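Worksheet: the structure to be examined is printed underneath.
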Amino acid sequence: MPSPGSGSSSIPSSSNFHLISKALSDYAKQTDIDLTKNPFADQFHSCHSAEAISKLLQSRVEAFKSYRDEHRKLIKCLNPVFQFLHVFSSTLGESQVLVPFPPAKAVFVGIDVLLQAASGVSTSYDALVQIFDRVSNFLKRLQIYAEITFTPEAPMINIIVQIMVEILSVLALTTTEIKQGRLSKQMLPLVNLVIPRSSAEKFVKKVFRESKIEAVLQKLAQLTDEETRMATTLTLREVSASNTKAAINALLDRKTSIQSWLSPPDPSKNHITARQHYHEGTSTWFVQGVFEEWRSTGSLLWVHGKPGSGKSVLCSMIVEATEAISDAESALMAYYYFDFRDTAKQDIRGLLTSLLTQISTKSGRCGSILSDLYLTRDSGLRQPSNDDLKKCLVKMLRLPESPTIYIILDALDECPNASGVEPPRAHVLKLVNELINLRLTNLRLCVTSRPESDIIPTLKPLASHVVSLQDQDGQKEAINNYVKFVVHSDEWMKKWRKQDKELVINTLVRKADGMFRWVACQLEALRDCLPASLRDALRELPETLDQTYERILQGIKPRNREYAHRLLQCITAAIRPLLVEELAEVLAIRFEDGKPPEYHSDWCMEDAQEAVILACSSLISVISVDGSRIVQFSHFSVKEFLTSDRLSRDLSRYRIFLQPAHTTLAQACLCALLRLNVKVDKTSMKECPLSIYAAQHWVEHARFENVSSSIQELMVHLFEPDRPHFATWVWIYDIDQPWDWVKHMSSEQPMEPEADALYYAALCGLHGVVEHLISSCPQNINSKRGAYGTPLHASLLKARC
C-alpha cells in the first residue's frame with residue numbers, strides 16, 4: 001500500500017471538514033487574521049518536503065538573530081512540526097478540491113503569522129522555544145508514518161485532524177498573547193534578571209500554567225497518547241499476515257519476558273475479594289465527597305480507620321471509581337493491596353513490580369521505559385535492584401505531558417513493621433514520601449491503613465486530604481444501611497417482628513464505633529436467636545473485636561478444638577493461601593507426639609468446605625478466586641488476635657506460635673508426599689490435593705527457625721534412595737530449577753532425577769539430612785551434578801543465600 005505521502009489519499013469525513021472550518025473561524029476571532037486570505041499561503045504550494053518548508057520559514061526566524069544568536073534552536077523545535085504536517089498533507093486530502101483550506105496548510109501559515117508577531121518582541125523568544133519544544137515532543141512519535149507502508153484509517157485520521165486543530169489553537173492563543181503584550185510582560189523577568197537557564201525554563205512553564213495555552217497543550221498530549229494506542233492496533237491489522245504474526249509474537253514475547261522477569265504479585269485477586277464484600281450504597285458518601293475533592297485538587301489522600309472499619313472494601317470502590325474516570329479522561333491508574341496472607345505482597349519490591357507492570361501496559365511511553373530497564377539488565381538475565389525499580393517508576397511519572405496518574409495502595413499496615421534497621425513498611429513509607437515530594441501536578445496517590453504509630457508521622461504531614469473513618473457521618477450511615485439490608489433480607493431475620501428488627505438495627509449501629517467487621521460478627525451470632533432471647537443477646541453483646549473472637553472460640557465444640565487449632569496454625573503459617581481441598585486433607589492426618597503423622601483416607605468428608613468451616617466456625621472464610629476456593633482468616637484482626645498474648649487463660653490453647661505452626665504444616669506436607677507410592681501418575685495426583693503445595697513449600701517450613709530438628713525422621717524417609725518418594729517430589733516440583741515450569745510433571749509418571757538426593761539435601765540447606773546421606777552413601781559426594789554443580793557447590797550456594 002502507498003505511504004501517507006505517496007499520493008493516495010483518504011478523504012476526511014464531513015465532520016472533519018466542519019472541525020477544520022470551525023478551527024479556522026475560531027482562529028480568526030482570536031487573532032483578527034483570516035489564514036485563508038494570508039498572502040504567504042500561496043508560497044507553500046511549491047514546497048514538496050519538510051526541509052523546503054523549513055527553509056521558507058528560515059527568513060522569518062532570522063528576525064530573532066538581531067537579539068539572539070540561538071535562532072537555530074527554534075528551527076530545530078519546529079522541524080518535527082513541519083515533518084508531521086508534510087507527511088499528512090496528502091493523507092488528509094490536501095490536494096482534494098473538497099477541502100476549502102487544508103489543515104496542514106493552515107498550521108503552516110499560522111506558524112508564520114506567529115513568527116511575524118514575535119519578530120519584534122525579544123522577550124517572546126523563550127516562550128516560543130518552550131511552546132514548540134513541547135509540541136514537537138508530541139509529534140516526534142507521529143514521524144513513524146513517514147516510514148510505514150499503509151494508509152491510516154478513518155479513526156486514526158480523525159485523531160490526526162484533532163491534533164492539527166489543537167496545534168492551531170496553540171498558535172492562535174500564543175499569537176494573541178504576544179500581540180496584546182501579555183506574554184512579553186510576563187516574560188520580562190527573564191530579561192531584567194540574570195538567572196540560570198533551568199530556572200528560566202521553570203519560570204516559562206509557570207507562565208504557561210497560568211494561561212489558557214497550558215490547557216490546550218494538555219489536550220494535545222491526550223490526543224497523542226490516544227493515537228499511540230490506536231496505532232498499535234491498526235499497524236498490526238494492516239501489515240501482511242506473516243508480518244502480523246511476527247509482530248504479535250515479538251510483542252507478546254517481550255511482554256511475557258518482562259512479566260516473568262519481574263514476577264509481580266497480582267493485586268486483582270485481592271480487589272475481587274474486597275469487591276465481593278461491598279454492599280450497594282455504602283461508599284456513596286465517600287465517592288461523591290472527599291474522593292471528588294482529592295482527584296480535582298489533591299496529591300495524597302490518606303484514609304485511616306481502626307481494625308474492621310471496611311478500609312479494603314472502601315479501597316475497592318475507590319479503584320472502581322478511579323477506573324471509570326481513567327477510561328473517560330485517558331488517565332492512568334495502578335493499584336495494590338498489601339496482604340498479611342501473602343508474603344509476596346508485604347514489601348516494596350512486590351509493590352514496585354506490580355505498579356510498573358500495570359502502568360507500562362496502559363502507556364506506550366511508560367512501556368518503553370520499562371523495556372529499556374529490561375534491556376540494560378541483559379534482557380532479563382540480571383534482576384533489577386529496588387532502587388532501579390524506583391527510578392523507573394519516577395521516570396514514568398515525570399514523562400512530559402503525562403496524563404493524570406492515580407496510584408492506590410490499600411492496607412499499608414499489613415506490610416510488616418518487624419524489628420530491624422529498616423523493616424519492610426519503612427521502605428514503603430519512604431517511597432510514598434519521595435513520590436509526594438516530587439510535587440508532580442499529575443500524580444494522585446491514595447493510601448489506606450490503620451493509624452499506626454509509625455504511619456501517622458509520615459503520612460499526616462504529607463496528605464492533602466485525611467479521612468478518619470470512625471469520625472465520618474457517612475461511615476455511620478453506611479453501617480446503618482448495611483445492617484438494615486441484612487436484617488430485612490436474611491431468611492431468618494426477616495421473620496422477626498418489626499420492633500425487633502428496629503431494636504437490632506439501632507443497637508448495632510449505636511455500638512459499631514465505625515467497625516463493619518464487628519457488626520458482621522454480631523449479625524452472624526444473632527441470626528439464630530429466637531424472639532424470646534433476642535433482647536438478652538443484645539444486652540450481652542461483646543464490646544470489642546477481641547471479645548467477639550473469644551466468644552467464637554468458646555463456641556467451638558470440645559471434640560473439635562484440636563482440629564480447629566491445627567487448621568488455624570496451617571492458615572497462619574501457609575506460604576500462600578491454601579485451597580479448601582488442601583486444608584481439608586490436614587483433617588485426615590493423625591498427629592501424635594513421638595510418632596510420625598499418619599494419613600487416614602476414611603477421615604475425609606465428602607464436602608471439604610463444610611469440614612473446614614465446621615472446625616473453625618466464622619473465624620475463617622472461603623472465597624472464590626479464579627474458580628478455586630481459597631481459605632483465609634475472615635479478617636486480618638483474627639490472625640493478630642490468635643498470634644497475640646491477648647487471649648484469656650482459658651482460651652490459651654488456641655494461641656498460635658509460629659514455630660509450632662510451621663512444624664505442623666511441614667509435617668502435613670511431608671505426610672502428603674510420603675503417601676505417594678510407585679504407582680503415582682498425573683491422574684492419581686488429583687486424589688492428593690495437598691501434594692502440590694507440599695512439593696513447592698515444605699522446605700520453607702522445614703527451614704523456619706528450628707523446625708527441621710522436629711521432622712528429621714520424616715525428611716530422611718523422603719530422601720531414602722531405595723524409595724520412590726524423592727523422585728516423586730522432584731517430578732512434582734524441581735527445586736533445582738524452579739523457574740522451569742515446563743519441566744514440572746512433564747512426564748506421565750515420576751522419572752529418576754538428574755541429580756541425586758545428596759545434592760538436593762545440600763541445595764535445601766538440610767544439614768541433618770546431608771550428614772545422614774554422607775554417612776550412608778559417602779561415594780555420592782561428587783556424583784550426579786545438578787544445575788549448580790556438585791553437592792558441595794550446592795551447599796556453598798545455600799550458605800551464601
Side-chain angles (χ1 to χ4, degrees), residues 137-145 147-148 156 159 163 218 220-239 243-268 322-323 326-327 329-336 349-408 431 435 438 440 442-444:
N137 281 335
F138 305 138
L139 304 184
K140 284 175 184 175
R141 158 71 185 86
L142 305 179
Q143 289 182 16
I144 190 175
Y145 291 99
E147 304 171 6
I148 59 178
M156 182 71 74
I159 292 177
I163 288 174
Q218 288 287 349
L220 187 57
Q222 293 174 5
L223 286 169
T224 310
D225 278 345
E226 188 175 347
E227 178 279 332
T228 300
R229 290 192 293 271
M230 188 175 292
T232 301
T233 303
L234 295 177
T235 301
L236 294 175
R237 194 174 71 222
E238 292 289 344
V239 294
N243 287 341
T244 299
K245 185 176 180 180
I248 291 175
N249 287 339
L251 288 172
L252 291 177
D253 286 348
R254 173 66 62 80
K255 182 178 179 181
T256 302
S257 296
I258 294 177
Q259 184 86 6
S260 300
W261 178 56
L262 293 179
S263 299
D266 180 10
S268 66
T322 305
E323 191 169 36
S326 300
D327 292 340
E329 299 179 357
S330 299
L332 300 177
M333 180 195 70
Y335 65 88
Y336 194 75
R349 190 171 189 85
L351 169 63
L352 288 170
T353 54
S354 180
L355 294 181
L356 290 174
T357 304
Q358 292 180 64
I359 295 173
S360 64
T361 57
K362 300 172 184 176
S363 166
R365 294 191 296 166
C366 293
S368 296
I369 292 173
L370 184 57
S371 182
D372 288 344
L373 177 62
Y374 174 76
L375 294 174
T376 61
R377 293 299 176 271
D378 300 329
S379 295
L381 292 178
R382 293 185 292 124
Q383 280 290 313
S385 66
N386 289 346
D387 282 342
D388 292 332
L389 298 174
K390 189 186 299 185
K391 289 175 183 176
C392 188
L393 176 62
V394 171
K395 196 171 182 180
M396 289 180 181
L397 298 177
R398 277 182 161 164
L399 277 173
E401 318 309 332
S402 178
T404 301
I405 299 178
Y406 296 90
I407 296 178
I408 303 165
L431 174 66
L435 292 182
L438 292 175
L440 300 174
N442 65 313
L443 177 62
R444 299 289 184 273

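Worth knowing before you read on, the calculation uses all heavy atoms, side chains too, and leaves out hydrogens, waters and symmetry mates. Only a predicted model underlies this, so the values are computations on that prediction, with no experimental measurement involved.
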Closest approach of Leu370 to Leu356 (non-hydrogen atoms, all atoms of both residues):
CD2-O, 4.0 Å
Counting N and O atoms only, with roles assigned by atom type, does the side chain of Ser368 sit under 3.5 Å from a partner on the main chain of Gly364, one being a donor and the other an acceptor?
yes
Kindly indicate whether the side chain of Ile369, heavy atoms from C-beta on, has any atom under 4.5 Å from the side chain of Cys392.
yes
Can Leu389 and Leu373 be said to form a side-chain contact (heavy atoms from CB on, under 4.5 Å), step by step?
CA-CA 9 Å; Leu389 298 174; Leu373 177 62; 4.2 Å; yes
Rounded to the nearest 0.5 Å, what separation is found between the CG atom of Leu355 and the CD1 atom of Ile408?
10.5 Å
List the residues meeting salt bridge (Lys or Arg N to Asp or Glu O under 4.0 Å) with Asp372, not counting sequence neighbours, and say none if there are none.
none
If the condition is side-chain hydrogen bond (donor to acceptor under 3.5 Å, both in side chains), which residues does Thr376 pass it with, not counting sequence neighbours?
none
Should Val394 and Leu438 be marked as a side-chain contact (heavy atoms from CB on, under 4.5 Å) after you check the CA-CA gap, both sets of side-chain angles, and the distance that decides it?
CA-CA 9 Å; Val394 171; Leu438 292 175; 4.0 Å; yes
Look up atom OH in Tyr406 and atom CG in Asn442, then write down how far apart they are to the nearest 0.5 Å.
10.5 Å
Grab the two heavy atoms, one from Leu352 and one from Asn386, that are nearest each other, plus how far apart they are.
CD1-O, 3.7 Å
Rounded distance [0.5 Å steps], CH2 in Trp261 versus OG1 in Thr357
9.5 Å
Considering non-hydrogen atoms only, spot the tightest contact between Cys366 and Ile359 and give its length.
SG-CG2, 3.7 Å
Taking every heavy atom of Gln358 against every heavy atom of Ala334, the minimum-distance pair comes out as OE1-CA, 3.4 Å
Just so I know, are the side chains of Ser326 and Lys362 near enough to count as touching, which here means a heavy-atom distance under 4.5 Å?
no
Quick one about Asp387 and Ser385 (side-chain donor to acceptor, distance below 3.5 Å, no hydrogens or angles considered), yes or no?
no
Please report the interatomic distance OG1(Thr404) to CE(Met333), rounded to the nearest 0.5 Å.
13.5 Å
Please round to the nearest 0.5 Å and tell me the distance separating atom CE of Met396 and atom CG of Leu332.
10.0 Å
Interatomic distance, Ile405 atom CD1 to Leu393 atom CG [nearest 0.5 angstrom]
8.0 Å
Between Pro265 and Gly350 the two heavy atoms that sit nearest each other are CD-O, 3.5 Å
Side-chain touch Leu435/Leu440, heavy atoms, less than 4.5 angstrom:
no
Any side-chain heavy atom of Tyr335 within less than 4.5 Å of one from Ser354?
no
With sequence neighbours excluded, residues passing salt bridge (Lys or Arg N to Asp or Glu O under 4.0 Å) with Arg377:
Asp388
Closest approach of Ser263 and Ser260, non-hydrogen atoms and distance?
OG-O, 2.8 Å
